[in-house]
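The model shown is predicted, which means the values in this text are computed figures rather than measured ones.
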Amino acid sequence: DLAYNTLTKAVRAVRHNGIAEALEEIYERFVGVAASVPSEPSREGSANRDEIAHHYATTAELVAELGPVSGVPFDVVDRAIKWLILAAERASEQHYMKSAVRLATRALDLLGEEVDEHQVPSMLRLCLIRASSFLEMRNTARARADLDRVLHSSALLGDLSSEAEARRILGTVVRLSGNLPGARGELSEAVRLFRLVDKPLRLARALRDRAFVELLADRKSTRLNSSH
């Protein structure tokens with residue numbers, strides 16, 4: 001740490017980028033081997049997504065502060081966003097929700113408020129990852145804020161897949177607020193959109209979520225009838 005602190009920020013950026021590129025090469029080589037040889041165990045731990053994401057993100061953050069740095073590729077932000085998305089998705093899949101939020105937030109901070117057109121799909125993906133993670137943490141207010149952003153941007157782009165996923169997550173947010181008719185409406189729209197874009201696995205999740213809402217509504221109706 002002492003030696004690192006003596007380096008200029010430009011040198012740090014170059015070194016972080018070099019580490020990221022080396023780890024990325026190792027990662028892709030070993031993942032390729034595992035994919036081509038079914039019996040080969042995954043070696044992702046040798047150069048995992050989190051490390052690659054961290055080094056590229058640190059490089060991008062330094063470049064954002066310093067401006068262009070000799071020895072650092074011009075697309076380092078795109079590289080950082082790519083690996084932060086992969087790392088955040090894996091954290092979410094493994095139910096490390098705080099890590100998923102942290103990684104997605106770091107990527108969204110790199111994108112900034114004014115997102116370049118070519119980076120909008122990444123922004124939508126990150127907001128969906130973060131919203132889903134916030135929902136699992138029962139932070140519905142933060143989840144809804146990300147979902148509102150996705151719904152606004154996906155409507156402008158005509159991105160039905162992102163809209164469908166946002167409405168699926170929103171259905172659970174609304175359900176947790178106690179609004180079962182509202183939840184049913186959001187999930188029914190998610191089901192309709194997933195059918196349009198032909199996403200069978202995501203459609204199955206939306207149908208499962210809607211079925212759970214219907215079950216809760218039936219139980220509520222039964223309780224009300226028995227009380228009379």
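Residues Cys127 and Leu108 approach most closely at SG-CD2, 4.1 Å, considering heavy atoms. Closest approach of Asn48 and Asp50 over heavy atoms only: OD1-N, 3.0 Å. Closest approach of Ser161 to Val197, counting heavy atoms only: N-CG1, 4.1 Å. Residues Ser133 and Val101 come closest through the heavy atom pair CB-CG2, 3.6 Å. The two residues Ala91 and Ala100 have their closest heavy-atom pair at CB-N, 3.7 Å.
Between Leu23 atom CG and Trp83 atom CH2 the span is 9.5 Å, to the nearest 0.5 Å. Rounding to the nearest 0.5 Å gives a distance of 10.0 Å between CG of Leu126 and CD of Gln119. Once rounded to the nearest 0.5 Å, the distance linking CD1 of Ile129 with OG of Ser92 reads 7.0 Å. Rounding to the nearest 0.5 Å gives a distance of 8.5 Å between OG1 of Thr172 and CD of Glu136. The CG atom of Leu124 sits 6.0 Å away from the CG atom of Asp159 when rounded to the nearest 0.5 Å.
Ser122 has its side chain within reach of Ile85: a pair of non-hydrogen atoms, C-beta onward, lies under 4.5 Å apart. Between Thr140 and Phe134 the shortest side-chain heavy-atom distance does not fall below 4.5 Å. Looking only at side-chain heavy atoms (C-beta outward), Arg102 and Lys98 stay at 4.5 Å or farther from each other. The closest side-chain heavy-atom distance from Leu176 to Leu135 is below 4.5 Å. Residues Leu110 and Leu84 are in side-chain contact: their nearest non-hydrogen atoms beyond the backbone lie under 4.5 Å apart.
Taking the charged nitrogens against the carboxylate oxygens, Arg168 and Glu165 do have a contact shorter than 4.0 Å, which makes a salt bridge.
With His54 as the partner, the side chain to side chain donor-acceptor pair (under 3.5 Å) test is satisfied by one option alone out of His16, Arg106, Arg49: Arg106. The residue from Asn17, Ile19, Val14, Val77 that alone fulfils the side chain to side chain contact (heavy atoms under 4.5 Å, CB included) condition with Thr59 is Asn17.
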Review point. After noting the C-alpha distance and the side-chain angles of Tyr56 and Glu24, does the key distance pass the side-chain hydrogen bond (donor to acceptor under 3.5 Å, both in side chains) rule?
Key: CA-CA 10 Å; Tyr56 270 136; Glu24 184 177 24; 2.6 Å; yes
Practice item. Please report the C-alpha distance between His118 and Asp78 in whole Å, then the side-chain angles of each, then the deciding distance to 0.1 Å, and finally whether the side-chain contact (heavy atoms from CB on, under 4.5 Å) criterion is met. Key: CA-CA 10 Å; His118 81 281; Asp78 289 342; 3.3 Å; yes
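In this structure Asp75 satisfies the side chain to side chain donor-acceptor pair (under 3.5 Å) test together with Arg79, sequence neighbours excluded.
Residues Val72 and Ile52 share a single hydrophobic cluster, defined by chaining ILVMFWY side chains whose heavy atoms lie under 4.5 Å apart. In this structure, Leu103 is a member of the same hydrophobic cluster as Val115, with clusters built from ILVMFWY side-chain heavy atoms closer than 4.5 Å. In the hydrophobic cluster analysis, where Ile, Leu, Val, Met, Phe, Trp and Tyr join through side-chain heavy atoms closer than 4.5 angstrom, Val120 is grouped together with Leu128.
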Going by atom type alone, with no hydrogens or angles, which donor-acceptor pairs under 3.5 Å involve a side-chain atom of residues 179-196 and a protein atom two or more places apart or on another chain?
| unit_1 | atom_1 | unit_2 | atom_2 | d |
| --- | --- | --- | --- | --- |
| Asn179 | OD1 | Gly182 | N | 2.8 |
| Arg184 | NE | Glu214 | OE1 | 3.4 |
| Arg184 | NE | Glu214 | OE2 | 2.9 |
| Arg184 | NH2 | Glu214 | OE1 | 3.4 |
| Glu186 | OE1 | Arg167 | NH1 | 2.9 |
| Ser188 | OG | Arg184 | O | 2.8 |
| Ser188 | OG | Arg210 | NH1 | 3.4 |
| Glu189 | OE1 | Arg192 | NE | 3.0 |
| Glu189 | OE2 | Arg192 | NE | 3.4 |
| Glu189 | OE2 | Arg192 | NH2 | 2.7 |

Could you give the side-chain donor-acceptor pairs of residues 146-153 under 3.5 Å, partners two or more places apart or in another chain?
| unit_1 | atom_1 | unit_2 | atom_2 | d |
| --- | --- | --- | --- | --- |
| Asp146 | OD1 | Arg130 | NH2 | 2.9 |
| Asp146 | OD2 | Arg130 | NE | 2.8 |
| Ser153 | OG | Arg149 | O | 3.3 |

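Around atom CD of Glu117, no more than 12 heavy atoms belonging to other residues, nucleotides or ligands sit under 6.0 Å away.
When atom types are taken as modelled, the side chain of Ser177 and the backbone of Val174 share a donor-acceptor pair closer than 3.5 angstrom.
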